[in-house]
Amino acid sequence: MELHDLLARCSAMVITVIVIAKISSCLNTAVLSEVHAPYVDNYVAKSYFNKHENLVDSKFEDFIAHDILYGACVSLQGNVEFSPILSALHGKLIGEGSHRRLSSTLRLKMSSETISRPPKSCEVIIVERLPSGVFADPFELQHLVQRGVFRDAAVFGDTNLELPSFLSNRSLVEVHLEVGTNLTSQQKDELEIHMELPLHARYQPLGHGFSRVEFASPDLFLRCNVERKEDDTGCLFLLDKQNAESIDIHPVWEVPCGNREHTEVVSAFTFISAVVSALLIIVASIKYSDNASSNVLKQS
C-alpha cells in the first residue's frame with residue numbers, strides 16, 4: 001500500500017508540474033503577442049504574407065489599420081513627447097527604357113519638447129506596393145544592402161523574375177533606411193531622406209503602343225528603439241501622408257508593348273536562327289571528331 005500511495009503521489013506531482021508549465025507557457029505567449037507583436041518580425045509586410053498569398057490593396061490596408069500598432073509605446077510614455085510628422089513626400093521615375101529607378105524623397109519632423117531618454121536609434125521603413133507589370137530584383141537589393149545603401153530590403157509576393165506581366169502577380173518591396181540620432185535632438189528637428197529603388201519592367205501583352213503602369217504612394221513607417229537594461233523595445237509609428245506636401249507621388253511608367261503584326265516575322269526569324277545555329281554546332285562537332293581521329297592515327 002505504501003508503494004502504491006508513493007506512486008500515486010509521484011504521478012500527481014508530475015501531472016501538476018506539466019499543467020503549471022503549460023499555463024505559464026500560454027501566459028508568456030499571450031504577453032508576448034500583446035506587447036511585442038508589432039516588433040517580432042523585422043519586416044512589416046512579413047506578417048501579411050504569412051496570412052495571404054497575393055497582394056491586394058484593400059486587404060493590405062486593412063492589415064495596416066488593424067494588425068499594425070503604431071503611435072503608442074510604453075517605454076516612451078511619460079518620458080518623451082515623441083510625435084513623428086511627415087512634412088513632405090516627393091516621388092518620381094528616373095531613367096529610360098525597361099530599367100528605371102523609383103526615387104522617393106521625404107522630410108521628417110519631430111516635435112520633442114521634453115526629452116529625458118531619447119531613442120537609441122531610428123529607421124524609416126518604406127513599403128512600395130508595386131503595380132502589375134514591374135518588379136524588383138531581390139539579388140540586386142541585397143547587393144545594395146551589402147554596399148550600405150539600404151539598411152535592409154526584401155521583396156514579398158511574386159518574385160519570379162522571368163514571368164510576363166499577364167502571368168505574374170503583384171509584389172511588394174520593403175526598404176529600411178537608417179536615421180541618424182540628430183533627428184531627435186533639439187538642434188535639428190527635421191531631416192530629409194532620399195531613396196532610389198531599382199525596378200524593371202515585365203514583358204507586356206502584345207498590343208499597340210504602350211502599357212500604362214501607375215504607382216501608388218508608398219506606406220511609410222518609423223521604427224525607433226529605446227535602450228533599456230532588460231531589452232530593446234521597438235516603437236513603430238505610421239507616418240500620416242494626409243497633411244504632407246505631396247508632389248508627383250503617383251508617377252507613371254509607359255512600358256512599350258510588342259506589336260502583334262510583327263509576330264510572324266519575329267517567329268520566322270527566330271526559327272531560321274535556331275536551325276542555322278544547330279547546323280553550325282553539328283558541323284563543328286563533326287570537324288572536331290575528324291581532327292581528333294587523325295591525331296590519334298598519326299601518334300600510332
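Worth saying up front: this structure is predicted, and the values here are computed from it rather than measured.
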What closest approach, in Å, do [X] and [Y] show between heavy atoms, and which atom pair accounts for it?
{"X": "Pro205", "Y": "Cys257", "value": "O-CB, 3.5 Å"}
{"X": "Ser165", "Y": "Gly133", "value": "CB-CA, 3.8 Å"}
{"X": "Lys241", "Y": "Pro218", "value": "NZ-O, 2.8 Å"}
{"X": "Val255", "Y": "Gln204", "value": "CG1-CG, 3.5 Å"}
{"X": "Arg129", "Y": "Asp219", "value": "NE-OD2, 2.9 Å"}
{"X": "Ala136", "Y": "Leu199", "value": "CB-CD2, 3.8 Å"}

Please name all residues satisfying salt bridge (charged side-chain N to carboxylate O under 4.0 Å, His left out) with [X], sequence neighbours left out, ordered by chain then number.
{"X": "Arg100", "result": "none"}
{"X": "Glu174", "result": "none"}
{"X": "Glu254", "result": "none"}
{"X": "Glu214", "result": "none"}

For the pair [X] (side chain) and [Y] (backbone), establish whether a donor and an acceptor sit closer than 3.5 Å, ignoring hydrogens and angles.
{"X": "Gln142", "Y": "Ala153", "result": "yes"}
{"X": "Asn50", "Y": "Lys46", "result": "yes"}
{"X": "Arg223", "Y": "Cys122", "result": "no"}

Apart from [X] itself, which Ile, Leu, Val, Met, Phe, Trp or Tyr residues share its cluster (side-chain heavy atoms under 4.5 Å, direct or through members)?
{"X": "Ile281", "value": "none"}
{"X": "Val276", "value": "Ile272, Leu280"}
{"X": "Phe210", "value": "none"}
{"X": "Tyr203", "value": "none"}

Take atom CZ in Phe269; do more than 12 heavy atoms of anything else shown fall under 6.0 Å from it?
->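 12 or below, so no.
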Does a side-chain heavy-atom distance below 4.5 Å link [X] with [Y]?
{"X": "Leu172", "Y": "Leu130", "result": "no"}
{"X": "Leu222", "Y": "Leu236", "result": "no"}
{"X": "Val56", "Y": "His52", "result": "no"}
{"X": "Asp240", "Y": "Leu86", "result": "no"}
{"X": "Phe215", "Y": "Trp253", "result": "yes"}
{"X": "Asn160", "Y": "Ser168", "result": "no"}
{"X": "Leu167", "Y": "Arg202", "result": "no"}
{"X": "Glu128", "Y": "Ser104", "result": "yes"}

Can you name the residues that form a ring-ring contact (aromatic ring centres under 6.0 Å, His included) with [X], not counting sequence neighbours?
{"X": "Phe156", "answer": "Tyr43, Phe49"}
{"X": "His200", "answer": "His99, Phe135"}
{"X": "Phe60", "answer": "Tyr48, Phe63"}

For the [atom1] atom of [X] and the [atom2] atom of [Y], what is their distance to the nearest 0.5 Å?
{"X": "Glu178", "Y": "Glu123", "atom1": "CD", "atom2": "CD", "result": "8.0 Å"}
{"X": "Glu61", "Y": "His66", "atom1": "CD", "atom2": "NE2", "result": "12.0 Å"}
{"X": "Asp62", "Y": "Asp57", "atom1": "CG", "atom2": "CG", "result": "12.5 Å"}
{"X": "Leu106", "Y": "Ile193", "atom1": "CG", "atom2": "CD1", "result": "5.0 Å"}

Please determine whether residues [X] and [Y] belong to a single hydrophobic cluster, defined as Ile, Leu, Val, Met, Phe, Trp and Tyr linked transitively by side-chain heavy-atom distances below 4.5 Å.
{"X": "Phe166", "Y": "Val213", "result": "no"}
{"X": "Leu279", "Y": "Tyr288", "result": "no"}
{"X": "Leu161", "Y": "Val145", "result": "no"}

List the steps and the verdict of side-chain contact (heavy atoms from CB on, under 4.5 Å) for Phe221 and Val124.
-> CA-CA 6 Å; Phe221 302 89; Val124 170; over 6 Å; no
Any chance you could lay out the side-chain contact (heavy atoms from CB on, under 4.5 Å) test for Val175 and Met195, step after step, and finish with the verdict?
-> CA-CA 9 Å; Val175 177; Met195 179 199 71; 3.7 Å; yes
Who passes side chain to side chain contact (heavy atoms under 4.5 Å, CB included) against Glu196, sequence neighbours left out?
->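 Result, side chain to side chain contact (heavy atoms under 4.5 Å, CB included) vs Glu196: Ile94, Arg101, Ser103, His194.
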Would you sort out whether Arg107 and Leu191 count as a side-chain contact (heavy atoms from CB on, under 4.5 Å), showing the intermediate values?
-> CA-CA 6 Å; Arg107 287 202 301 271; Leu191 181 68; over 6 Å; no
Can you check side-chain contact (heavy atoms from CB on, under 4.5 Å) on Ile85 and Leu108, steps first, answer last?
-> CA-CA 6 Å; Ile85 299 174; Leu108 289 179; over 6 Å; no
Would you call Arg170 and Asp158 a salt bridge, using N to O less than 4.0 angstrom?
->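 So Arg170 does not pair with Asp158 through a salt bridge.
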